[in-house]
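Heads up, the thing below is written out as structure tokens.
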Amino acid sequence: MHNFTPISALIGGIIIGLSVVLYFYTTGRLAGISGIFENAVTQSSKRLSNILFLIGLVIGPMFIYYIISPNEPITFEITHSYLLIIPGGFLVGFGTRLGGGCTSGHGICGIGRLSVNSMIATALFVATGIITVFILQQLGVYL
Amino acid sequence: MNDKIISLISGVIFGIGLVISGMTNPEKVLGFLSITHNWDASLIFVMGGAILAFAPFFFLLKNKEVSALGAKIELPEKQNIDKKLLIGTALFGVGWGLVGLCPGPAIAALATFDPIVIIFLVSMAAGVLAKKNIIK
């Protein structure tokens, strides 16, 4: 596990958790990003608030990338194959809305609420994610 | 402080947390999903840290009638574990494994100005709209 970064992962995770706390404490809503995204794309109620949350989600990283550490290269390694990107994006959008949540909605908010559904959902999407990566590796797509 | 300002601030903090945690890099997320080769367990610490920060506050706040801004506390309705939950989350995991992006990091990735992110987000929006129009 030469890429293992538990300290920064834990600190980043706690910051994410505090954002979810702030959002819930003030607005009374749970910060599930797939739900916020769906709302921003389709709903009229609270649409501006949801769009602003998503804009914040871009401003936060920009602040770190371009103001806090402008000399450090941005580590963003992603496939540029449309064969992965297009079905990947579609399944993430379709699947999270059909299943009622994503890594934040089920994985953080749901497990934090001790929701059994969210625990099952999280175990399931991690499992199918692992299987998908394993198959791609066998096909030589990923290392 | 109104709902819109607080939504923006929450998003900024969430995005900063994502960068610090390393989860804005799809390769790192794929490292977590790659259990047979160079496994990177960092994602467990991200999720664990977030849950540890959120859970105690949630149980303190959940029985309040209204939020600090006077809004209704909105909790998901109790649901049975049904086909939608199982099929939906299973498909989400496949998409996650194909690219290494879930919704939060996908949106945060716009900050990199890599145009491939826009293709991913348009596909993701198409998936959201497809679900909304096909399945009631």
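Per chain, numbering begins at 1; letters A, B, ... match sequence-line order.
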Discussion item. If you apply the rule side chain to side chain contact (heavy atoms under 4.5 Å, CB included), what do you find for B:Ile73 with A:Arg29, and how did you get there?
Written reply: CA-CA 6 Å; B:Ile73 303 275; A:Arg29 300 192 294 274; over 6 Å; no
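- With B:Asn25 contributing its side chain and A:Glu77 its backbone, the two residues share a donor-acceptor pair below 3.5 Å.
- You'll find the ring centres of B:Phe58 and A:Phe24 inside the 6.0 Å limit.
- The OG1 atom of B:Thr112 lies 9.0 Å from the CE atom of A:Met62; values are rounded to the nearest 0.5 Å.
- Aromatic rings from B:Phe45 and A:Phe4 are positioned such that their centres are separated by under 6.0 Å.
- Interface remark: A:Val41 contributes side-chain atoms only to the contact with chain B (heavy atom separation under 4.5 Å).
- For A:Leu54, the parts lying under 4.5 angstrom from a heavy atom of chain B are both the backbone and the side chain.
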Item to complete: Determine, step by step, whether B:Ile9 and A:Tyr23 satisfy the side chain to side chain contact (heavy atoms under 4.5 Å, CB included) criterion, reporting the C-alpha distance in whole Å, the side-chain angles of both residues, the deciding distance to 0.1 Å, and the verdict.
Response: CA-CA 9 Å; B:Ile9 295 170; A:Tyr23 190 70; over 6 Å; no
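- The main-chain N or O of B:Ala111 is found under 3.5 Å from a side-chain atom of A:Tyr66 such that the two form a donor-acceptor pair.
- Heavy atoms closer than 4.5 Å to chain B are found in the side chain of A:Phe134, but not in its backbone.
- Looking at A:Ser19, its side chain does come within 3.5 Å of a backbone N or O of B:Ser10 through a donor-acceptor pair.
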Practice prompt. Please step through side chain to side chain donor-acceptor pair (under 3.5 Å) for the pair B:Asp3 and A:Ser49, ending with a clear verdict.
Written response: CA-CA 7 Å; B:Asp3 195 86; A:Ser49 289; 2.5 Å; yes
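- Rounded to the nearest 0.5 Å, atoms CZ (A:Phe90) and CG (B:Leu98) are 13.0 Å apart.
- Note that CD1 of B:Ile116 and OG1 of A:Thr79 are 7.0 Å apart. Values are rounded to the nearest 0.5 Å.
- In this structure, the side chain of B:Lys28 does not engage the main chain of A:Phe76 through any donor-acceptor pair within 3.5 Å.
- Atom SG of A:Cys102 sits about 5.5 Å away from atom CZ of B:Phe92, to the nearest 0.5 Å.
- In this structure, the portions of A:Tyr25 lying under 4.5 Å from any heavy atom of chain B include both its backbone and its side chain.
- Listed for the A:Thr128 side chain is a donor-acceptor partner under 3.5 Å among the backbone atoms of B:Ala90.
- When heavy atoms are compared at a cutoff of 4.5 Å, A:Leu18 approaches chain B by way of both its backbone and its side chain.
- Panel note: side chain A:Thr26, backbone B:Leu69; no donor-acceptor pair is recorded below 3.5 Å.
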